[in-house]
Structure formats: structure tokens, C-alpha cells
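Some notes on the structure that comes next.
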Amino acid sequence: MAEVSFEGTAEEISLKEVGLRYEVDGEIATITLDRPDKRNAQTFATWSALAHIGDGLPQQVRVVVIRGEGPSFSAGIDLRMFTPEGVPGQGSFASSVALGEATFADRVARAQRGFLWLRRPDIVSVAAVQGHAIGAGFQLALACDLRVLADDAKLCMKEPALGLVPDLTGTKPLVELVGLSRAIEICLTARVVGAQEAARIGLAELVVAPGELDEAVRDLTAALLATNRDAATATKRLLQGASGRTLEEQAAAEGREQAARIKALFGEGSGKAPG
């Protein structure tokens, strides 16, 4: 069992104690939120554990699947974090008030690391979402490149209704996927977005019956793995940078990436004859 050291506590606790399962099978890594009795609610330790997994991801992994055990993907933040007592060994939002500004900013940045690595160009991350994906759960799904939803999925950006803001890297992908106006409406009403609407507005690539979710993710993963790894990495890198470039800049970036691919495939020492 992997061991993880969490900020704010001197002890080392296992992924099982955090409520995560982590399995690697060849080129596929699967991370399962495993607190079904709490609808897979997340804590500071969850986010540290996710960052730890990202830091140690084996080089051969190409696809990372995030899923939830039980009927929910993740119902968001563990409600104990809103109490004065907080989560044992991890504190609470109330205890965060006593932190200095720099310390608090560092704690938020550490939590965000658990989400940011899922965008790495060398992997494709897939969220398999069933049931509730609320707040932090919604943001974890948004951190992934692709989302496959069961038709009972319920997405909600709950933070503004709780007096908070979404700070686990979810706001940028939400705006990019649905546009500014729709993102404002979803966040500031904190309403539930069902699976069919999610597919219609660009939040899901595929919606299936709950019993078909695992099979749909397996089929998608197989299709992703059928693509040349280096070409897939270069293409994802191009797509990620496209919104920040002009058309001319993007064309130049395509040329640079293609030159590297042609050299790798047909250059001296490649083992393939050009032409």
C-alpha cells in the first residue's frame, strides 16, 4: 500500500485510510474514490493523495481513469471541514483563518496540485461519472480531459451557495467548455446539471446507462491507446495551447511539432526508410 505524507500532520497514512484506491495495469492507471458511505466526499488528504499519485505516476501510463465507488462520483467537500472540529489531523476551514496569507496560499496551491497533473500532455485523463459530482467532485471531473457520464449523473458547482468560490482548478475548463455566460449561470445559481444537458452543452463526451459506464470507459480507453503515444502527446500539447495563440502562431507550432514527428519517424536511426 502506497504511503502518503500530508501537510498539517506528521503522520504517514495510507491511501486506504484517505479513501482512495490506486491501480496500474500496463498503460492504464485507475484512481477510485473509495468512501461510498460518505458519497466519496473529499478532504485535504484526498487532494494531497491525488498529488502524490501524480508525482509518482509510472512512465508507461498513458490513460488515467478517475471513478467513484458506489452510487456517487463525489458529493464534494467533506462536511466536517465546515465544523470547528474539522477532519481529525487535517483541520477545518475555521482553522485556516488562523493561517498567514502566504501559508494559506501554499495550502490552496498544494490542493490544486492534485488536480493540475491530470492535464499533462503525456496522458489522457478520463472521468467516469455516476450519480453526484458536486463542488469538488464536479471540479475533479472538469480536471480530466474527457468525461463519460452515466445518465443519472448530477453536476453542480456548489461552492458559491456555501459562501466559497471554486478553487480546485475548475473555473477555467468550465468556461472553456460551456462559455462565460453559461458558466456564470451554472456557478451562481448552484443548480444541478443533468447528464443529458451536460452532453448538450459540452460537459460530457458520452452519456450511457449506469450499468454501461465501465464498458464505455474501457472502449474509450482502448481507442485512446490505439493511437501512437508520441503523436498523441504532441497533438494534445498543440490543442492545449491553441486558445492562447493566434492562427499564425498555432500554424507555426503545428509545423514545429510535425518536424519533430517526421524526424522521429523517418530520420537517421529511426529504422524506417523515408519516402
Side-chain angles (χ1 to χ4, degrees), residues 20 28-33 39-42 46-47 50 53-54 61-76 112 114-121 123-159 166 168-179 182-183 185-187 190-225 227 232 235-236 239-240 242-243:
L20 288 179
I28 305 168
T30 302
I31 301 170
T32 302
L33 303 174
R39 292 195 299 169
N40 299 320
Q42 301 175 37
T46 308
W47 306 328
L50 288 171
I53 290 171
V61 170
R62 294 185 57 189
V63 176
V64 176
V65 176
I66 310 284
R67 59 182 300 274
E69 187 65 38
S72 292
F73 179 70
S74 174
Q112 291 170 338
F115 294 67
L116 288 169
W117 69 271
L118 292 164
R119 283 97 163 180
R120 282 169 34 182
I123 62 172
V124 178
S125 51
V126 180
V129 181
Q130 79 281 356
H132 294 92
I134 309 298
F138 188 13
Q139 292 190 77
L140 183 56
L142 286 168
C144 294
D145 297 310
L146 305 172
R147 282 153 296 282
V148 180
L149 271 55
D151 61 17
D152 66 348
K154 297 175 175 62
L155 314 179
C156 176
M157 198 67 86
K158 189 72 171 178
E159 286 85 350
L168 294 171
T169 77
T171 55
K172 182 176 174 61
L174 182 61
V175 170
E176 290 175 341
L177 289 166
V178 305
R182 180 62 69 193
E185 183 266 329
I186 287 172
C187 289
R191 71 176 177 87
V192 171
V193 178
Q196 297 301 331
E197 181 186 359
R200 189 171 67 251
I201 65 178
L203 287 173
E205 279 61 57
L206 184 64
V207 174
V208 298
E212 299 173 1
L213 183 60
D214 289 343
E215 182 180 359
V217 171
R218 284 195 297 269
D219 289 345
L220 175 59
T221 298
L224 292 168
L225 292 177
T227 302
T235 301
K236 182 177 174 182
L239 294 171
Q240 287 179 318
S243 63

Find out whether [X] and [Y] are in side-chain contact, i.e. whether some heavy atom of one side chain is under 4.5 Å from a heavy atom of the other.
X      : Y      : result
Gln196 : Val207 : yes
Val64  : Trp117 : yes
Leu33  : Leu20  : yes
Leu220 : Leu206 : no

Shortest non-hydrogen contact between [X] and [Y], atoms and distance:
X      : Y      : answer
Ala150 : Ala195 : O-CB, 3.4 Å
Val217 : Val148 : CG2-CB, 4.1 Å
Ala127 : Phe73  : CB-CZ, 4.4 Å
Val193 : Ala198 : CG1-N, 3.8 Å
Leu50  : Gly114 : CB-O, 3.5 Å
Arg182 : Ile201 : CG-CD1, 4.3 Å

Subject >> Thr30 backbone acceptor or donor facing Arg67 side chain under 3.5 Å >> reply: no
**OP:** Examine distances only and state if a side-chain atom of Gln112 and a backbone atom of Leu168 form a donor-acceptor pair shorter than 3.5 Å.
**Re:**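 Judged by distance alone, no pair lies under 3.5 Å.
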**OP:** Dump the intermediate steps for side-chain contact (heavy atoms from CB on, under 4.5 Å) on Arg62 and Ile123, then the final yes or no.
**Re:** CA-CA 5 Å; Arg62 294 185 57 189; Ile123 62 172; 5.9 Å; no
Quick check on side chain to side chain contact (heavy atoms under 4.5 Å, CB included): which of [options] does [X] satisfy it with?
X      : options                        : result
Val208 : Leu149, Leu213, Asp214         : Leu213
Arg147 : Leu155, Ile66, Leu177          : Leu177
Leu118 : Thr169, Leu142, Asp145, Leu140 : Leu140

[X] side, atom [atom1]; [Y] side, atom [atom2] - distance, nearest 0.5 Å:
X      : Y      : atom1 : atom2 : value
Glu69  : Asn40  : CD    : CG    : 7.5 Å
Thr227 : Lys236 : OG1   : NZ    : 13.0 Å
Gln42  : Ser74  : CD    : OG    : 4.0 Å
His132 : Asp152 : NE2   : CG    : 9.0 Å
Ser125 : Phe115 : OG    : CZ    : 12.0 Å

Original post:
What residues, two or more places apart in sequence or in another chain, satisfy side chain to side chain contact (heavy atoms under 4.5 Å, CB included) together with Glu159?
Top reply: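 Glu159 satisfies side chain to side chain contact (heavy atoms under 4.5 Å, CB included) with Gln139, Met157, Leu164, Pro166 once adjacent residues are dropped.
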Original post:
Salt bridge between Arg218 and Glu215, side-chain N to carboxylate O under 4.0 Å?
Top reply: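 Result for this pair is no, no salt bridge flagged.
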